[in-house]
Colleague: 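This is the structure I have questions about; it appears just below.
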Amino acid sequence: MTRGRRRGGTMAVLSVSLLVVIAAIVLACTPLSRAAPGAVSQVEGVVGDSGEVSVYVVERNINVSPKCELRVRMEDGVAEDELARVLENAWAAPGDSPCVVKSVETASRSSIFGAPPAAMMAGEAGAVAAALLRFDLLTLSVREDGGLYADASVRTGDFSDAAALVRAAVASSALEDEFGRVDWSMRWSADDGAYDDATVASDGTPDPKLADLLDGLAELRASGALGVGDGADVAALDAPIIAVKLNAITESGVTAVGIGLTVAGWDADDLATRGEELALSGRAAEAAAAISALGEEVGLPVGAITANGTVDLLAGS
């Protein structure tokens, strides 16, 4: 054999060896990608025709943590008992796989995520399924202590839609029975007309009287007593109230409610020089009196009512 042939043979052997080493490195560096199809198949066995399963894989790299997360998206119109069945079994379906189920969501995008890769008890699954289907958009996340964060929002209609959010949360009290503490965060805002909105935060099931107060605000707005339109660029006592903003915080069963009114045409100078006049007479003062009376009527007193963030409308009451 000539020297050239021996050199060519040696190079061929080295090339094959290098390819084998590269293949071994690639296979060693992609364990999650290799595990993903099996995990997807296992979860699909639980979901069946009721939804779809997707997977997101990130392999280990420099400054990058590996992850293999599966997400379940249920079909529109899924029955509550079918959703509960999937919730009860999906988390444990991957078994010993490094891939985990990250979230289960409905067709309307209500979802639960962050649950540990273990079976969900039947009572927990039933409570979650009912809550997810009760809201148009609800996000439940599992806390480290086993409790829940519950976040719901809607941007449409009037204050009665905010009341519907609160009532849906009250109807979901089974979550608290199953998971312990549930921290609720709810937000509503009008989609046209007045710039009204409501924010509710509660460390447990919200006070149902809050829904009655919100319904009353819807009626007050619909009555025309708060005025219509954007008003003129002048600080008039009968200027329309272009925004009603409710903020309610419940801690340990005690609910504090504050309401801010925005009166059109009043700037900082006007408020500084005529704020007392605004608090004593005119549309804003009448609105504050009506809202205060409404709170007393439903059994949930309003602790603070302000105009344009500075004028205390309850100071003279």
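Positions are given from 1, in the same order as the sequence printed here. Just so we're clear, the structure is a prediction, and the values are computed from it rather than from any experiment.
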Colleague: Mind checking the CD-CG spacing from Glu276 to Leu271? Nearest 0.5 Å is all I need.
Modeller: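 Answer for the CD-CG pair, Glu276 versus Leu271, is 13.0 Å.
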Colleague: Do Glu69 and Cys99 touch side chain to side chain, with heavy atoms closer than 4.5 Å?
Modeller: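 Counting from C-beta outward, Glu69 and Cys99 never come under 4.5 Å.
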Colleague: Between Lys209 and Asp207, what is the shortest heavy-atom contact and its length?
Modeller: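 Nearest heavy atoms, Lys209 then Asp207: N-OD1, 2.9 Å.
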Colleague: Looking at Arg155 and Asp191, is any side-chain nitrogen of the basic one under 4.0 Å from a carboxylate oxygen of the acidic one?
Modeller: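 No salt bridge links Asp191 with Arg155.
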Colleague: Below 6.0 angstrom between ring centroids: does that apply to Phe135 and Trp184?
Modeller: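 Yes; Trp184 has its ring centre under 6.0 Å from that of Phe135.
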Colleague: With hydrophobic residues grouped by side-chain heavy-atom distances under 4.5 Å, do Leu220 and Val244 end up in a single group?
Modeller: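 As far as the 4.5 Å side-chain criterion goes, Val244 and Leu220 are connected within one cluster.
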Colleague: Establish whether Val311 and Leu237 are linked, either directly or via other cluster members, by ILVMFWY side-chain heavy-atom contacts under 4.5 Å.
Modeller: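 Both belong to a single hydrophobic cluster.
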Colleague: Is any side-chain heavy atom of Glu219 closer than 4.5 Å to a side-chain heavy atom of Asp158?
Modeller: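 Of all side-chain heavy-atom pairs linking Asp158 with Glu219, none is under 4.5 Å.
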Colleague: Count the heavy atoms belonging to other residues, nucleotides or ligands that lie under 6.0 Å from CG of Asp267, then report whether that count exceeds 12.
Modeller: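 Enclosed: over 12 neighbouring heavy atoms sit under 6.0 Å from CG of Asp267.
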Colleague: Assess the pair Trp188 and Phe159: is the distance between their ring centroids shorter than 6.0 Å?
Modeller: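 Close enough - the centres of the two rings lie under 6.0 Å apart.
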Colleague: For atom CG of Asn89, decide whether the heavy atoms of other residues, nucleotides or ligands shown that lie under 6.0 angstrom number more than 12.
Modeller: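 Yes - once you tally the heavy atoms of other residues, nucleotides and ligands closer than 6.0 Å, there are more than 12.
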Colleague: Verify, without hydrogens or angle tests, whether Arg274 (side chain) and Ala235 (backbone) share a donor-acceptor contact under 3.5 angstrom.
Modeller: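 Indeed, once roles are kept as given, a pair shorter than 3.5 Å links the two residues.
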Colleague: Could you grab the distance from atom CG of Leu278 to atom CG of Leu313, nearest 0.5 Å is fine?
Modeller: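 The CG atom of Leu313 is 6.0 Å from CG of Leu278, to the nearest 0.5 Å.
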Colleague: Stepwise, does the side chain to side chain contact (heavy atoms under 4.5 Å, CB included) test hold for Leu165 with Val154?
Modeller: CA-CA 8 Å; Leu165 272 183; Val154 65; 3.7 Å; yes
Colleague: Is there a donor-acceptor contact under 3.5 Å from the side chain of Glu105 to the main chain of Ile112?
Modeller: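 Checked: no pair found.
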Colleague: When you measure from the side chain of Ser108 to the backbone of Asp136, do you find a donor-acceptor pair of N or O atoms at a distance under 3.5 Å?
Modeller: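 Yes; at least one donor-acceptor contact below 3.5 Å.
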Colleague: Any side-chain heavy atom of Asp49 within less than 4.5 Å of one from Glu44?
Modeller: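 Heavy-atom side-chain distance check fails, nothing below 4.5 Å.
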Colleague: Quick check: do Leu70 and Val100 have side-chain heavy atoms less than 4.5 Å from each other?
Modeller: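 No, side chains not in contact.
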Colleague: Under a 4.5 Å cut-off applied to non-hydrogen side-chain atoms, are Arg167 and Pro208 in contact?
Modeller: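 No - every pair of side-chain heavy atoms lies 4.5 Å or more apart.
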Colleague: Any side-chain heavy-atom pair from Asp196 and Ser189 closer than 4.5 angstrom?
Modeller: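 Side chain of Asp196 against side chain of Ser189, heavy atoms only: no contact under 4.5 Å found.
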Colleague: Any link between Ile305 and Ile242 through a network of hydrophobic side chains (Ile, Leu, Val, Met, Phe, Trp, Tyr) touching at under 4.5 Å?
Modeller: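 No, because Ile305 and Ile242 fall into different hydrophobic clusters, even though each may have its own neighbours under 4.5 Å.
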Colleague: How close do Val263 and Ala284 get, heavy atom to heavy atom, and via which atoms?
Modeller: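 So the minimum-distance heavy-atom pair works out to CG2-CB, 3.9 Å.
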Colleague: Write down the atom of Ala90, the atom of Val46, and the distance for their closest heavy-atom approach.
Modeller: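 Looking at all heavy atoms of both residues, the closest pair is N-CG1, 4.0 Å.
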Colleague: If you apply the rule side chain to side chain contact (heavy atoms under 4.5 Å, CB included), what do you find for Thr255 with Ile249, and how did you get there?
Modeller: CA-CA 6 Å; Thr255 300; Ile249 299 175; over 6 Å; no
Colleague: Are the side chains of Leu226 and Pro240 in contact, using a 4.5 Å heavy-atom criterion?
Modeller: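 Not touching, per the 4.5 Å side-chain cut-off.
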Colleague: About how many Å separate CZ of Phe179 and OH of Tyr149, when rounded to the nearest 0.5 Å?
Modeller: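 Tyr149 atom OH to Phe179 atom CZ measures 14.5 Å (nearest 0.5 Å).
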Colleague: Output, in order, the C-alpha distance, side-chain angles, deciding distance and verdict of side chain to side chain contact (heavy atoms under 4.5 Å, CB included) for Lys67 and Val57.
Modeller: CA-CA 6 Å; Lys67 64 176 64 175; Val57 176; over 6 Å; no
Colleague: Would the distance check show the side chain of Asn308 and the main-chain N or O of Thr310 forming a donor-acceptor pair, the cut-off being under 3.5 Å?
Modeller: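 Side chain of Asn308 to backbone of Thr310: no pair is present.
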Colleague: Is Val166 linked to Leu133 within one hydrophobic cluster, defined over Ile, Leu, Val, Met, Phe, Trp and Tyr using a side-chain heavy-atom separation of less than 4.5 Å?
Modeller: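 Yes; tracing contacts between hydrophobic side chains, which count when under 4.5 Å, links both residues.
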Colleague: Would you say Arg187 and Asp151 make side-chain contact, with heavy atoms under 4.5 Å?
Modeller: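 Yes, side chains in contact.
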Colleague: With side chain to side chain contact (heavy atoms under 4.5 Å, CB included) as the criterion, how do Val257 and Asn247 come out once you've worked through the C-alpha distance, each side chain's angles and the decisive distance to 0.1 Å?
Modeller: CA-CA 6 Å; Val257 179; Asn247 184 57; over 6 Å; no
Colleague: Going from CG on Leu87 to CG on Leu132, what distance comes out if it is rounded to the nearest 0.5 angstrom?
Modeller: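 The distance works out to 6.5 Å.
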Colleague: Between Arg181 and Asp145, does a salt bridge (Lys or Arg N to Asp or Glu O under 4.0 Å) hold up when you go through it step by step?
Modeller: CA-CA 9 Å; Arg181 177 168 173 168; Asp145 63 3; over 6 Å; no
Colleague: Look up atom OG1 in Thr205 and atom CG in Leu175, then write down how far apart they are to the nearest 0.5 Å.
Modeller: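 The distance works out to 8.0 Å.
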Colleague: Using modelled atom types and a 3.5 Å cut-off, is there a donor and acceptor pairing between side-chain atoms of Thr273 and backbone atoms of Asp269?
Modeller: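 Present.
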Colleague: Is a side-chain donor or acceptor of Trp266 paired with a backbone partner of Ala236 at a separation under 3.5 angstrom?
Modeller: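 Yes: the side chain of Trp266 pairs with the backbone of Ala236.
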Colleague: Decide whether Gln42 and Ser97 meet the rule of one side-chain donor and one side-chain acceptor closer than 3.5 Å.
Modeller: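 Side-chain D/A pair, Gln42 to Ser97: absent.
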Colleague: Please name the pair of heavy atoms, one in Val55 and one in Ala36, separated by the smallest distance, quoted to 0.1 Å.
Modeller: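 Shortest heavy-atom contact: CG2-CB, 4.1 Å.
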Colleague: Indicate the atoms forming the closest heavy-atom contact of Gly295 with Val302, along with that distance.
Modeller: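 Between these two residues, the closest heavy atoms are CA-CG2, 4.4 Å.
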Colleague: For the atom pair CD1 (Ile291) and CG (Leu314), what is the distance rounded to the nearest 0.5 Å?
Modeller: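 Reported value, rounded in 0.5 Å steps: 9.0 Å.
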Colleague: For Glu277, is the CD atom crowded, meaning more than 12 foreign heavy atoms sit under 6.0 Å from it?
Modeller: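 Counting other residues, nucleotides and ligands, CD of Glu277 exceeds 12 neighbours.
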Colleague: Is there a path of hydrophobic side-chain contacts, each under 4.5 Å between heavy atoms of I/L/V/M/F/W/Y residues, joining Val170 to Val128?
Modeller: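 Yes, Val128 and Val170 fall within the same hydrophobic cluster.
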Colleague: Going through the distances and angles, do Arg283 and Glu286 end up as a salt bridge (Lys or Arg N to Asp or Glu O under 4.0 Å)?
Modeller: CA-CA 5 Å; Arg283 193 185 301 276; Glu286 293 171 358; over 6 Å; no
Colleague: For Asp183 and Arg143: C-alpha separation, side-chain torsions, deciding distance, then whether salt bridge (Lys or Arg N to Asp or Glu O under 4.0 Å) applies.
Modeller: CA-CA 10 Å; Asp183 287 308; Arg143 298 153 38 121; 2.5 Å; yes
Colleague: Please determine whether a side-chain nitrogen of the Lys or Arg among Glu88 and Arg85 lies less than 4.0 Å from a carboxylate oxygen of the Asp or Glu.
Modeller: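 No, no charged N to carboxylate O under 4.0 Å.
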Colleague: For the residue pair Ser50 / Glu75, report whether a side-chain donor-acceptor contact shorter than 3.5 Å exists.
Modeller: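 There is no such pair (donor and acceptor under 3.5 Å, judged by atom type) between the side chains of Glu75 and Ser50.
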Colleague: Has the side chain of Glu124 got a donor or acceptor atom that lies under 3.5 Å from a matching backbone atom of Met121?
Modeller: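 Pair found, side chain donor or acceptor close to backbone of Met121.
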Colleague: Looking at Arg73 and Thr106, what are the two nearest heavy atoms and their distance?
Modeller: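 Looking at all heavy atoms of both residues, the closest pair is NE-O, 3.2 Å.
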